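No experiment lies behind these values; they were computed from the predicted model shown.
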Amino acid sequence: VNQSHIILQSVLPTRPHLLYYAVDMAKEFFLGEYEQIVLLAILRLEDSAYGVSIQAEISSCTGRKSTPGALYTTLERLERKGCIASRIGEPTKQRGGRAKCFYRLTKTGRAQLVSAQSAFTRLLSGLDLLRDTNG
Amino acid sequence: MDRANAAEWLLCQVMSTERASELVGDILESRSNDRGTRFWISIASLMICFSWRTILGVFLSPLVSMSLALIAYIFFTALGGNSYFRPDSTAQMYLFGISILFWEATVISLVRFKFRSPYIAVTLAACLACTVTTYCLFAAHGFSIITSVVVIFLFFCASKRLRLRSLGALLCTITISWLTAYGLSEIDHDPRSIFSALSGLMELLVVPFVANSSTSFFCGRMLNEDKAGN
């Protein structure tokens with residue numbers, strides 16, 4: 001099944017409109033660089049992936065400081081695309097009685113991530129970039 | 001109201017309640033030692049990130065809708081001369097105004113909800129139908145054919161649950177916009193009054209603003225509710 005159709009079905013609860021099919025068929029769905037970083041961070045954190053921990057994981061692994069705006073819009077976009085799913089945790093006093101929202105990768109998200117990383121690996125093969133940098 | 005509740009209320013205006021609560025909780029947790037300024041900068045940046053499309057749409061849609069109305073006028077005048085557009089006809093002028101509002105709603109929806117939104121199907125159908133009907137109102141036999149096509153098209157668009165809600169949001173928007181326009185036109189008709197000189201300008205500025213704000217409010221709420229319901 002075309003990946004874009006899976007996403008479309010998750011967005012539209014009823015039978016999709018012909019107009020959307022026409023647009024969707026012409027449009028392929030790819031993950032952006034930051035989206036891949038966020039998905040990898042969620043994967044690394046396993047069951048404890050929520051906004052603050054994802055931000056910290058990205059910062060420690062990449063040295064890149066994520067702004068809340070960039071992170072949460074990306075999380076929302078990934079959820080809309082069906083790459084991640086969320087569940088509400090327990091409220092804590094430290095958060096003013098507000099609950100955490102934990103994220104996990106879905107099958108679609110994992111498949112997209114594998115596809116993107118495979119593309120990177122294929123592009124890197126034979127280039128020896130890491131050896132050149134270290135040497 | 002403490003700063004966390006105030007921030008949550010502000011964020012609720014541009015996103016769902018659950019998301020707003022989660023974000024405020026995350027900011028409180030990660031910035032517990034920060035002073036107020038850093039907290040409010042984070043809230044402001046989140047608000048901008050989640051609402052810039054709406055803000056852009058509010059400013060862009062009147063310009064685009066007016067331009068499209070002008071293009072349609074030039075096209076239909078070139079096609080049928082003066083017989084297709086009669087500014088003295090009240091019905092045609094109402095249709096003209098409604099078609100501008102529909103175009104505005106379409107532009108703001110495209111910017112805010114992107115192409116896949118079911119709202120686009122309704123507004124695009126409505127604005128195309130309304131514009132064509134405006135200019136073909138006095139064309140022989142044209143009106144009856146167009147009316148049938150419009151009814152079938154709108155029925156098709158509204159046949160799905162989501163689109164029915166979208167149509168409801170659109171009707172709310174149109175009603176509010178026209179009530180605003182009517183209210184403004186009733187302020188003062190005395191030509192010597194300063195209100196009279198300003199009323200035309202106010203209608204041009206206030207009506208599109210009300211139309212756009214109510215469009216984004218109603219559609220945002222209705223589509224969010226639907227998303228949450230699924």
- Note on the structure: One should read off an interatomic distance between Leu46(B) CG and Leu71(A) CG, to the nearest 0.5 angstrom, of 9.5 Å
- Task: Would you give the length of the straight line joining atom CD1 of Ile27(B) to atom OH of Tyr72(A), rounded to the nearest 0.5 angstrom?
- Result: 6.5 Å
- Task: For chain A, find which of Gly25(B), Cys49(B), Ser21(B), Ala4(B) contributes the most heavy-atom pairs closer than 4.5 angstrom.
- Result: Gly25(B)
- If you tally heavy-atom pairs under 4.5 Å between each of Ala56(A), Gly51(A), Cys101(A), Pro91(A) and chain B, the highest tally belongs to Cys101(A)
- Output yes when Glu29(B) and Lys93(A) qualify as a salt bridge under the 4.0 Å nitrogen-oxygen rule, no when they do not. no
- Item | Over 12 non-hydrogen atoms of neighbours within 6.0 angstrom of CZ in Arg87(A) | yes
- Note, Glu22(B) side chain near Tyr50(A) side chain (heavy atom, < 4.5 Å): no
- Heavy-atom side-chain proximity of Gln94(A) to Leu28(B) below 4.5 angstrom: no
- Correct closest heavy-atom pair for Asp26(B) and Val52(A) would be O-CG2, 3.4 Å
- Determine, for Arg19(B) against Glu76(A), whether the closest basic-nitrogen to carboxylate-oxygen distance falls under 4.0 angstrom. yes
